[in-house]
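Since the structure comes first, as structure tokens, the remarks are kept for the end.
FYI, the numbering just counts along the sequence from 1. Computed from heavy atoms alone, side chains included, the values below leave out hydrogens, waters and symmetry copies. Just so it is clear, the structure is predicted and the values come from calculations on it, not from any experiment.
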Amino acid sequence: MPDEMDVVLSWSECKLQKGTNRLLEVTWRPAKEEVCRHKLVFCDGKQKNRNIFIRFRSVELTFQNLLGTVHREGGLLFSPDGNCLISTVGNRITIFDLKKNKSNTLPVESRYNYVALDINANGSALLAINEEGEAHIISLISFSIVHRHRFNGICRNVKFSPDGKHVAVCKGNNVLVFKAPGLVTGTHNAFEMERVFHGAYDETTCLNWSSDSKILAVGSKDMATKLYSFERFKNFRMYSLGSHTDEIVGCFFEQESYDLITISRNGQTCVWECTVKPGELEVLKDQAPAKKKKTSDDNEEDDVDITKSVEKTQEEVEESLKESPECKAEDNKLLYMRLARHYLADEVRKEHQEAVLTAAAYHPKARILVTGFSCGVFFIYETPDMNLIHSLSISEQKISSIALNQTGEWVALGCSGIGQLLVWEWQSETHVMKQQSHMLNITCLSYSSDGHIVATGGGDGKVKLWKVSSGFCFVTFSEHSSAVTALAFCASKNFIVSSSLDGTVRAFDITRYRNFKTFTSPRLVQFSCVSVDSSGEFVAAGGQDVFEIYLWSVKTGRLLEILSGHEGPVSSVVFSPGLTSTTMASVSWDKTLRTWDAIEKGSSHEVIELLAEGVFVTFNPNGVEVAVATLDGRISVFEIRTATQVASIEGRNDLGSGRSDNDLITAKKTLEAKCFSTLCYSADGAYILAAGQSKNVCIYSVKENLLVRKFEITQNRSLDAVDDYINRRKLTEFGNMALIEERELREGGNVAIKLPGVRSGEMSKRTLKPEVRVLSLQFSPTGQQWAAATTEGLLIYALNSGIVFDPWDLQADITPMGINNALKDQDYLNALIMAVKMNEANHIRQVIETIPVCDVELIVSSLGLQFIKRLLYIFASALDASKHVQFYLKWLKHIMTIHGSSLVQQGNKPALVAVLQSVERRNEQLSKMCDYNQYMTDYVRYSQKTVVKTLDEDHDEMNGKSDLDSEDEDAFMDNSVLD
């Protein structure tokens with residue numbers, strides 16, 4: 001085996017018969033990707049040195065996207081072309097493509113939350129700085145961190161120069177200017193410092209470069225704006241602008257001018273005019289002053305020049321001063337004059353007395369100023385007269401970030417308090433994009449049957465539906481008045497069921513986007529779990545304060561049965577996924593697992609005793625087994641029919657536990673009280689995903705009862721309980737310094753006081769340090785991805801099985817040369833069978849596209865189900881990339897016609913769902929293209945008719961004019977004859 005690969009072999013002893021080949025499966029994680037084919041040599045008695053083919057499979061779980069959270073404290077940026085919006089989401093960065101209506105979270109993760117970011121002029125690099133002062137230069141081409149730098153302090157703002165040669169960073173009272181790495185500067189050294197400016201007396205808050213990148217304006221909390229020159233000029237030195245009575249929020253240069261606009265926190269806006277234009281700055285040359293040489297003896301010092309001793313008049317003195325070089329330089333010196341002062345907060349404070357200005361943005365080309373206030377209102381002004389153009393209230397929370405696109409038509413607004421992100425086209429007054437996160441934690445999630453939609457429920461009582469392909473939320477249900485505790489999609493119908501602590505279970509139609517049924521109980525019950533059967537006819541929910549399970553009919557909405565028997569809170573309930581099964585399983589704090597068949601037997605049930613309190617229960621996709629998570633950290637697997645335990649996994653040590661800042665005991669001791677709170681089977685039922693109050697997600701093999709993989713969902717140290725040890729520097733003889741409360745004045749003057757013992761709260765504000773945890777897990781029905789509802793949001797992970805060489809039923813004569821020979825002989829069936837057994841996608845697609853259309857139906861009818869199942873995945877991937885759409889659709893049509901019923905009965909749902917997703921994506925792409933072509937054709941046809949009509953009218957006018965001219969000539973000739 002190669003040295004760069006860690007390979008784990010596992011097999012069982014068996015006797016090999018002569019003349020047969022044996023397939024062994026090897027699961028490995030390659031250190032570097034390269035095509036590898038190996039053979040193992042075994043000895044089995046008579047026949048020695050037998051060659052045995054090996055299956056090589058690379059199994060990797062990679063982060064794909066972040067849903068459920070669109071904006072948190074930090075900045076907003078538009079790409080240079082204005083089509084993409086870049087937003088900070090905790091310790092990650094999300095890019096929203098406004099043209100394609102798609103979001104993508106970069107696979108880059110910081111150790112702390114990002115607070116400042118900027119993009120260079122050509123849009124190839126992004127500079128992001130977290131709250132601990134660690135800077136990352138991220139390549140937007142490879143989506144990776146290429147440079148790192150530690151500032152060892154809080155950096156509030158960062159800005160690239162317009163020419164792309166420099167980058168300025170606000171750190172404390174100073175402004176640091178670095179040489180930007182790249183082709184423009186010709187250097188690749190990261191963060192090569194060039195200048196440091198120390199003029200501010202308080203923390204710097206904002207900065208802006210002039211259009212020629214020669215002057216830098218810096219605003220600070222000392223209520224002044226300082227101007228610095230990057231080079232040394234004769235007619236410019238450091239300049240300070242005052243006239244404000246609060247900290248500076250924004251300072252903006254005009255286009256191709258040094259004129260300036262400064263805005264303070266109390267809404268005061270000053271317009272400044274500069275006496276110098278770009279290009280009039282004179283570079284100061286570093287020359288030492290020349291010494292004057294004496295031209296005469298020292299005795300001449302006593303001589304007196306009579307002509308100079310005469311006293312000059314006032315007029316002569318003024319003329320001499322004007323002719324002096326110092327006066328000439330003074331006339332061309334850079335000075336600023338305040339043209340106007342405006343009070344923009346006066347209009348807002350008529351309704352909100354404590355409102356302050358929190359964010360501002362300026363577009364120098366369009367001369368548009370956008371201001372956002374703490375009451376959720378933003379205004380658009382036309383400078384320099386500050387004429388109000390537009391105003392809108394988007395929320396009741398403060399607007400923390402504002403950005404304008406390249407043309408100034410789109411305004412991006414971020415409200416970190418509620419996690420809202422809005423892109424507003426102010427000219428037409430329409431939404432380009434409007435997304436909002438859950439205000440509180442995401443408590444539960446559920447995949448739709450086709451895997452296209454993910455539903456999330458939060459502590460704010462809202463149910464949101466997200467498209468997995470685009471990453472956008474397209475509908476929000478807010479009928480619940482309390483936290484949503486569980487969600488369940490109906491597998492056969494388009495509706496979703498949610499349970500809440502408000503005592504109701506609601507069914508939402510995801511086609512018409514309405515709440516069409518509300519299920520209630522005879523007395524008020526806080527529902528903690530919900531499930532819907534596979535037929536979509538019945539809904540069951542368990543109570544948290546009343547130890548009963550309620551069963552309703554979806555059609556009538558009536559309560560059918562109250563299932564009693566549990567002696568503790570019902571923590572989880574689930575229906576069997578079988579199409580004809582009505583079995584239901586439930587676990588409770590009374591240390592029992594109960595199986596029900598309420599449709600046929602009513603309240604009668606079977607009881608299985610557990611070793612500890614039941615926390616969660618889930619069915620295997622085969623409908624035969626259930627997995628139960630208990631309070632002692634175990635995962636127990638039971639067979640429903642025989643009520644026997646078939647497996648047990650001790651996972652407490654695998655779960656892991658971090659230590660909070662206010663924990664008085666070690667992480668090892670805290671681990672004794674941890675357990676798995678959510679479970680999920682993979683689509684094929686071979687693995688179990690488990691997670692809980694920890695940063696780890698564990699994947700176990702059901703067959704071997706062993707831990708296959710454990711990985712961390714986040715590295716964000718801004719969350720609590722991420723590290724296993726407390727920083728020793730925070731520990732003193734008086735206790736942990738992290739327990740000391742740091743209070744700051746919020747917007748409006750209120751003090752944010754942390755309540756003791758609170759573990760969840762308003763995540764976007766970060767007034768609390770939330771604790772990392774995984775609240776829900778679910779595998780996609782396609783089997784290619786799974787989602788985790790965490791403190792950071794909804795994390796989507798893709799299961800990338802990079803199969804290098806994975807043959808199936810391989811024989812010695814199955815080779816690429818043999819496949820090509822079969823194609824030359826037009827033996828298409830044999831060629832396809834050999835290609836499927838070799839299991840390489842390129843060979844399979846080559847054979848499929850070589851087969852004539854007339855032979856497709858005959859070949860499909862001759863193939864077995866084991867071949868058809870493997871071909872479905874090939875068709876699903878080929879439809880996305882191939883141009884032969886109709887050809888592949890004919891293959892799918894014949895497969896579904898001939899083998900459709902058999903595929904459904906044998907449980908090939910992941911393959912069928914993958915094909916369905918590919919067909920729907922293709923349909924969406926082609927429908928858009930057809931609509932565009934239809935509209936363009938209609939436009940061309942109408943334009944052609946208009947042009948023809950215009951030409952006809954012009955021709956008629958010309959003919960009419962010529963007729964009149966001829967008549968005039970005839971009349972003239974007649975008159976002349978008469979004369």
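- Atom OH of Tyr447 sits about 7.0 Å away from atom OG1 of Thr782, to the nearest 0.5 Å.
- Side-chain atoms of Trp589 and Ser571, non-hydrogen and from C-beta on, do get closer than 4.5 Å to each other.
- The CD1 atom of Ile510 lies 9.5 Å from the CZ atom of Phe495; values are rounded to the nearest 0.5 Å.
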*Between Thr476 and Lys464, does a side-chain hydrogen bond (donor to acceptor under 3.5 Å, both in side chains) hold up when you go through it step by step?*
CA-CA 5 Å; Thr476 301; Lys464 292 179 177 289; 3.1 Å; yes

_Chi angles and distances behind the ring pair (Phe, Tyr, Trp, His ring centres under 6.0 Å) call for Tyr550, Phe519_ = CA-CA 10 Å; Tyr550 298 85; Phe519 309 103; over 10 Å; no

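- For the side-chain contact (heavy atoms from CB on, under 4.5 Å) test, residues two or more places apart in sequence or in another chain that qualify with Ala483 are Leu501.
- Between the side chain of Asp590 and the main chain of Glu567, a donor-acceptor pair closer than 3.5 Å is present.
- Between the side chain of Ser701 and the backbone N or O of Tyr687 there is no donor-acceptor pair closer than 3.5 Å.
- Two residues are said to be in side-chain contact when any heavy atoms from C-beta on lie closer than 4.5 Å; Leu794 and Leu445 meet this criterion.
- With hydrogens and angles ignored, the 3.5 Å screen pairs no side-chain donor or acceptor of Ser572 with any backbone N or O of Val587.
- Residues Val532 and Phe575 are not in side-chain contact: their nearest non-hydrogen atoms beyond the backbone lie 4.5 Å or more apart.
- Relative ring orientation between Trp596 and His566 is described as tilted, the plane-to-plane angle lying within the 30° to 60° band.
- Between the side chain of Ser586 and the main chain of Val573, no donor-acceptor pair closer than 3.5 Å is present.
- Lys710 is not listed as a side-chain neighbour of Tyr700, based on a closest heavy-atom distance of 4.5 Å or more.
- By the side chain to side chain donor-acceptor pair (under 3.5 Å) test, Ser534 pairs with no residue at all, sequence neighbours left out.
- Under the 4.5 Å side-chain criterion, counting only non-hydrogen atoms from C-beta, Asp720 is not in contact with Val772.
- The pair Asp723-Arg717 meets the salt-bridge criterion, since a charged nitrogen lies less than 4.0 angstrom from a carboxylate oxygen.
- For the pairing with Leu795, the side chain to side chain contact (heavy atoms under 4.5 Å, CB included) check across Leu67, Leu66, Thr105 returns one residue only, Leu66.
- A heavy-atom distance below 4.5 Å is found between the side chains of Phe477 and Leu465.
- Minimum interatomic distance between Ala788 and Val774 (heavy atoms only, all atoms of both residues): CB-CG1, 4.3 Å.
- To the nearest 0.5 Å, the span separating CG on Asn91 from OG on Ser718 amounts to 7.0 Å.
- No donor-acceptor pair closer than 3.5 Å links the side chain of Lys695 to the backbone N or O of Ile713.
- Without hydrogens or angle criteria, Asp460 side chain to Met439 main chain gives a donor-acceptor distance under 3.5 Å.
- Every residue meeting the side-chain contact (heavy atoms from CB on, under 4.5 Å) condition with Val607, not counting sequence neighbours, appears here in chain and number order: Thr592, Arg594, His605, Glu609.
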_Let's go through Leu560 and Trp552 carefully: what are the C-alpha distance in whole Å and the side-chain angles of both, what is the deciding distance for side-chain contact (heavy atoms from CB on, under 4.5 Å) to 0.1 Å, and is it a yes or a no?_
CA-CA 5 Å; Leu560 301 179; Trp552 295 275; 5.7 Å; no

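- Partners of Ser531 by side chain to side chain donor-acceptor pair (under 3.5 Å), not counting sequence neighbours: none found.
- At a cut-off of 3.5 Å, with distance as the only test, no side-chain donor of Glu639 or Gln645 sits close to an acceptor on the other residue.
- Side chains of Glu537 and Ser553: a donor-acceptor N/O pair is absent below 3.5 angstrom, by distance only.
- For Phe489, there are no ring-ring contact (aromatic ring centres under 6.0 Å, His included) partners two or more places apart in sequence or in a different chain.
- Under the 3.5 Å distance criterion, with hydrogens and angles disregarded, no donor-acceptor pair is assigned to the side chains of Lys462 and Ser478.
- The side-chain heavy atoms of Leu487 and Val530, taken from C-beta on, include no pair separated by under 4.5 Å.
- Pairing each heavy atom of Leu707 with each of Cys698, the nearest pair is CD1-CB, 3.7 Å.
- Listed for the Ser481 side chain is no donor-acceptor partner under 3.5 Å among the backbone atoms of Asp502.
- With rounding to the nearest 0.5 Å, the separation of CD1 in Ile649 from CG in Asn705 is 5.0 Å.
- The CG atom of Leu611 sits 6.5 Å away from the OG atom of Ser636 when rounded to the nearest 0.5 Å.
- A donor-acceptor contact shorter than 3.5 Å links the side chain of Ser448 to the backbone of Ile453.
- Ser110 contributes no side-chain N or O that, together with a main-chain N or O of Asn113, makes up a donor-acceptor pair within less than 3.5 Å.
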_I'd like to know whether Met584 forms a side-chain contact (heavy atoms from CB on, under 4.5 Å) with Ser576, so could you lay out the CA-CA distance, the side-chain angles of the two residues, the decisive distance to 0.1 Å, and finally the verdict._
CA-CA 6 Å; Met584 182 179 63; Ser576 173; over 6 Å; no

_Go through it in stages, so that I can follow the logic: the residues are Val626 and Thr618, the test is side-chain contact (heavy atoms from CB on, under 4.5 Å), and I'd like the CA-CA distance, side-chain angles, deciding distance and then a yes or no._
CA-CA 6 Å; Val626 293; Thr618 182; over 6 Å; no

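- Counting only N and O atoms by type, the side chains of Glu73 and Ser416 include a donor and acceptor under 3.5 Å apart.
- Annotation: side chain of Leu775 is in contact with side chain of Asn441 (closest heavy-atom distance under 4.5 Å).
- Judged purely by distance below 3.5 Å, without hydrogens or angles, the side chains of Ser499 and Thr485 pair a donor atom with an acceptor atom.
- Of the possible donor and acceptor atoms, none in the side chain of Asn620 sits under 3.5 Å from a partner among the backbone N and O of Gly623.
- Glu792 and Arg773 are not joined by a salt bridge, as no carboxylate oxygen comes within less than 4.0 angstrom of a charged side-chain nitrogen.
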*Please test Cys675 against Thr630 for side-chain contact (heavy atoms from CB on, under 4.5 Å), starting from the C-alpha separation and ending with a verdict.*
CA-CA 7 Å; Cys675 65; Thr630 54; over 6 Å; no

*Going through the distances and angles, do His71 and Ser437 end up as a side-chain hydrogen bond (donor to acceptor under 3.5 Å, both in side chains)?*
CA-CA 8 Å; His71 178 65; Ser437 314; over 6 Å; no

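- Of the inter-residue distances, the one linking Leu593 atom CG with Ser588 atom OG reads 10.5 Å to the nearest 0.5 angstrom.
- A donor atom on one side chain and an acceptor atom on the other are not found under 3.5 Å apart for Thr714 and Asn716.
- Sorted by first and then second residue, the side-chain hydrogen bond (donor to acceptor under 3.5 Å, both in side chains) pairs with a member in residues 515-530 read Arg506-Asn515, Arg506-Thr518, Asn515-Thr518; sequence neighbours excluded.
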*Between Asp597 and Thr583, is a side-chain hydrogen bond (donor to acceptor under 3.5 Å, both in side chains) present by the stated rule, with each step listed?*
CA-CA 5 Å; Asp597 196 354; Thr583 305; 5.1 Å; no

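- Between Trp786 and Tyr797, the ring planes lie parallel to each other; the angle is under 30°, not in the 30° to 60° tilted range.
- Taking the six-membered ring where tryptophan is involved, the planes of Trp466 and His438 are tilted, since the angle between them lies from 30° to 60°.
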